[in-house]
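The next block holds one structure in the form of structure tokens; read it before the comments.
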Amino acid sequence: MEQLIYSIAYSNWFLWVLGLFTCAILLLLRWGKDEQRDGFEIKPKLPPGSSGLPFIGETIRFLREVKSLPRRKFFDEHELRYGPIFRCSLFGRTRAVVSVDPEFNKYVLQNEGRLFESNVTASFRNIIGKYGLAGVHGELQRKIHGTAVNLFKYETLSSDFMEDIQDIFLAGMRKWEEQGDIPLQHKCHQMVLNLMAKKLLDLPPAEEMKDIYKAFDDFVGAILSLPLNIPGTSYARGIQARGILLKRIHKCIKERRQHPDVVRNDLLTKLLREGTFSDEIIADTIIFFVFAGVETSSMAMAFAVKYLTENPRALEELRAEHDALLKAKGKGNEKLTWNDYQSMKFVHCVINETLRLSSATVVLFREAKQDIKVKDFVIPKGWTVYVFLSATHLDEKYHYEADKFLPWRWQNGGQEMLDAPFYTPFGRGGRLCPGLHLARFEIALFLHNFVTKFRWELLEVDHATYFPLPSMAKGFPIRLHSRADD
Ligand code: HEM
């Protein structure tokens with residue numbers, strides 16, 4: 001018996017040693033495999049950081065902290081510990097690096113297509129389509145991007161957009177006035193959607209084309225949803241909406257070919273006239289403009305009003321600028337001219353500051369196309385770099401009292417910040433937003449009309465969130481009062 005006990009104890013001890021030995025070998029083998037996967041003979045010096053939990057990484061912590069104050073908490077703590085470029089597993093990507101270093105961000109974005117490449121998930125690509133610009137690379141990306149730059153360039157705003165923007169915004173605001181109580185965020189969304197539908201496809205406003213507008217809405221709603229293609233989910237509705245929109249766009253293409261004599265000032269006509277792209281590319285490009293141009297601009301409008309509501313001094317200064325503009329034009333002459341737009345100053349400070357605090361694009365994803373040496377470490381080929389634009393916008397090192405809405409920081413030389421690597425609401429490099437002039441123009445014309453026509457009060461306290469997009473939980477419910485009654 002004793003012998004048996006000894007022999008069991010001995011064999012258990014032997015098994016323990018054997019087990020530990022095997023684990024050690026397996027760990028060594030796995031470590032070696034990781035090194036080989038990264039393409040290095042010896043362990044590369046990766047940026048400092050941690051991988052967090054398997055697969056989830058630090059996503060849960062990020063999502064929790066991005067909602068709390070100060071808004072830069074997650075980045076401040078990581079930067080303090082590891083520096084501005086750190087290894088961090090987020091959103092299911094374990095081989096990833098976060099950058100909140102403005103100079104490195106600039107380097108990454110300016111080397112698009114050479115050292116780095118924008119990368120999108122398969123589910124996102126299913127929504128935006130094979131030729132949706134974010135997922136297109138190389139020569140074709142440059143060609144479509146160049147066309148978009150041409151369509152939305154500063155010089156075209158006066159001839160191609162001014163009249164339509166004012167007509168649609170003035171009509172929209174007349175309705176808001178009748179309604180009195182409005183959720184501003186949703187109303188801005190609808191108004192910008194009307195504008196894009198008119199400018200892209202020459203469609204009449206929402207009331208006359210409910211199905212198409214619902215499809216637009218479902219499509220935009222699906223972009224940031226969980227990619228579950230199960231009936232009833234936002235993603236599935238988005239895929240369905242994409243089909244409806246494609247059908248409508250192809251119908252418009254056919255109509256334009258059948259009736260070339262009908263004069264239209266829309267972007268589809270211009271794209272067809274160029275004759276460079278297939279119908280499939282044109283359809284995906286139009287759909288991508290809806291994705292890129294609606295939520296981004298309309299959120300900025302709603303957030304500008306939120307910040308002005310909270311900062312009466314800024315509102316007063318903006319209103320004074322725009323009342324003076326109207327006074328100089330004389331009564332009954334409410335439509336603005338190109339010269340009026342060019343004379344506006346403070347409104348651009350308000351727009352810059354709004355986009356600094358709540359730009360629609362929080363983070364850009366880029367994949368390293370080769371091993372990238374940064375400082376004294378290496379980002380291996382195939383790794384993702386998260387370029388966190390919002391983190392540099394909120395960094396006290398570059399913006400004093402960074403959490404506060406202070407449009408005056410953009411006055412007296414503040415304009416130089418527009419080119420600085422720590423202010424990039426529209427990105428940079430080969431994918432710099434081609435709609436940036438249009439977006440600024442829309443927001444300026446919106447603010448001009450809104451502050452000169454209305455006083456307003458907030459009906460309920462609303463809570464803003466900033467990820468994945470800036471948004472207000474209740475849609476910013478306000479009561480409007482016409483200033484004509486003052
Ligand atoms: C406040 C409003 C807007 C903001 C903050 C914004 C921001 C951005 C940013 C940061 C990018 C770069 C994406 C990247 O590098 O991967 C981008 C790309 C793009 N934007 Fe905008 N955008 C706005 C409005 C618009 C408008 C009105 C349009 C026109 C319809 C537009 C069209 C595009 C397009 C087509 C791209 C893709 C460029 C490419 O990948 O080559 N954007 N936008």
Side-chain angles (χ1 to χ4, degrees), residues 47-52 57-91 93 96-112 116 118-119 224 296 299-300 303 307 352-368 372 374-375 377 379 383-406 409-410 417-429 431-433 464-471:
S50 83
S51 306
E58 295 195 65
T59 310
I60 292 174
R61 177 175 169 199
F62 171 81
L63 293 175
R64 194 178 56 233
E65 290 185 1
V66 85
K67 284 190 195 142
S68 57
L69 290 172
R71 280 172 56 199
R72 207 178 177 278
K73 185 168 179 239
F74 181 87
F75 301 106
D76 279 339
E77 285 179 12
H78 282 72
E79 189 173 350
L80 197 67
R81 200 157 162 203
Y82 304 120
I85 303 170
F86 52 89
R87 217 161 12 97
C88 186
S89 156
L90 284 176
F91 320 125
R93 296 186 191 205
V97 166
V98 164
S99 168
V100 293
D101 179 329
E103 286 301 334
F104 185 60
N105 288 355
K106 181 175 163 186
Y107 175 74
V108 173
L109 299 181
Q110 284 192 327
N111 278 295
E112 168 70 18
F116 299 90
S118 147
N119 76 7
L224 294 165
T296 46
M299 275 310 168
F303 268 80
Y307 295 133
N352 293 340
E353 189 65 348
T354 301
L355 294 177
R356 184 184 69 77
L357 284 173
S358 52
S359 165
T361 316
V362 175
V363 56
L364 298 174
F365 294 25
R366 292 294 190 267
E367 188 178 306
I372 307 288
V374 203
K375 298 179 182 165
F377 47 78
I379 299 174
W383 278 48
T384 298
V385 179
Y386 293 112
V387 177
F388 267 96
L389 307 179
S390 59
T392 57
H393 289 180
L394 296 172
D395 195 331
E396 288 281 337
K397 290 197 282 304
Y398 314 112
H399 312 276
Y400 61 91
E401 299 193 68
D403 271 336
K404 290 201 178 137
F405 179 78
L406 298 173
R409 74 174 87 234
W410 297 94
M417 281 199 292
L418 289 176
D419 292 326
F422 45 79
Y423 183 72
T424 47
F426 295 104
R428 192 176 270 272
R431 287 187 185 268
L432 172 73
C433 175
T465 51
Y466 295 89
F467 192 83
L469 271 183
S471 168

Discussion item. Under a 3.5 Å distance rule, please check whether Arg71 uses its side chain to pair with a backbone N or O of Leu357 as donor and acceptor.
Written reply: yes

Worksheet entry | Nearest-0.5 Å distance, CZ of residue Phe303 to CZ of residue Phe405 | 12.0 Å

Response to the item:
Nearest heavy-atom approach of Glu396 to Ala402 is OE2-N, 3.0 Å

Practice prompt. Spell out, as yes or no, whether a donor-acceptor pair under 3.5 Å connects the side chain of Arg428 to the backbone of Val108.
Written response: no

Discussion item. Can you confirm whether Ile372 sits close enough to Tyr107 that some side-chain heavy atom of one is under 4.5 Å from a side-chain heavy atom of the other?
Written reply: yes

Worksheet entry | Side chain Tyr423, main chain Asn352, donor-acceptor under 3.5 Å | yes

Worksheet entry | Tyr307 (side chain) donor-acceptor with Glu353 (main chain) under 3.5 angstrom | no

Discussion item. Assess the residue pair Val66 and Tyr466 against the criterion (side chain to side chain contact (heavy atoms under 4.5 Å, CB included)); give the C-alpha distance rounded to whole Å, side-chain angles, the decisive distance to 0.1 Å, and a yes or no.
Written reply: CA-CA 7 Å; Val66 85; Tyr466 295 89; 5.8 Å; no

Practice prompt. Quick one: closest heavy-atom pair of Glu65 and Phe74, and the distance?
Written response: OE1-CA, 3.4 Å

Discussion item. As an exercise, state the distance from CG of Leu355 to NE2 of His393, rounded to the nearest 0.5 Å.
Written reply: 8.5 Å

Worksheet item: Closest approach of Gly57 and Ser89, non-hydrogen atoms and distance?
Response: CA-OG, 3.3 Å

Worksheet item: Hey, does Asp403 have a side-chain heavy atom less than 4.5 Å from the side chain of Arg72?
Response: no

Discussion item. Side chains of Leu406 and Glu401, heavy atoms from C-beta outward: is any pair under 4.5 Å?
Written reply: yes

Worksheet, complete the sentence: Heavy atoms of Pro47 and Arg87 approach each other most closely as O-NE, 2.9 Å

Worksheet item: Between Glu103 (side chain) and Pro421 (backbone), is there a donor-acceptor pair under 3.5 Å?
Response: no

Discussion item. Please report the interatomic distance CZ(Phe86) to CD(Glu58), rounded to the nearest 0.5 Å.
Written reply: 8.0 Å

Discussion item. Working to the nearest 0.5 angstrom, can you tell me the gap between Phe75 CZ and Leu394 CG?
Written reply: 9.0 Å

Worksheet, complete the sentence: For Ala368 and Ile379, the nearest pair of non-hydrogen atoms, with its separation, is CB-CG2, 4.4 Å

Fill in: Expected output: side-chain Arg409 to main-chain Tyr400 donor-acceptor under 3.5 Å
yes

Worksheet item: What's the shortest heavy-atom distance between Tyr82 and Pro48, and which atoms?
Response: O-CG, 3.3 Å

Discussion item. Suppose we screen for side chain to side chain donor-acceptor pair (under 3.5 Å). Which residues come up paired with Asn119, at least two apart in sequence or across chains?
Written reply: Arg93, Glu367

Discussion item. Would you compute the distance between atom CZ of Arg81 and atom OG of Ser50 and round it to the nearest 0.5 angstrom?
Written reply: 6.5 Å

Worksheet item: Which one of Phe116, Phe388, Tyr386, Trp383 satisfies the ring pair (Phe, Tyr, Trp, His ring centres under 6.0 Å) criterion with Phe365?
Response: Tyr386

Practice prompt. Please round to the nearest 0.5 Å and tell me the distance separating atom CG of Leu364 and atom OG1 of Thr424.
Written response: 7.5 Å

Worksheet item: Within the distance-only criterion (no hydrogens, no angle test), does the side chain of Thr392 pair as donor or acceptor with the backbone N or O of Val100 below 3.5 angstrom?
Response: no

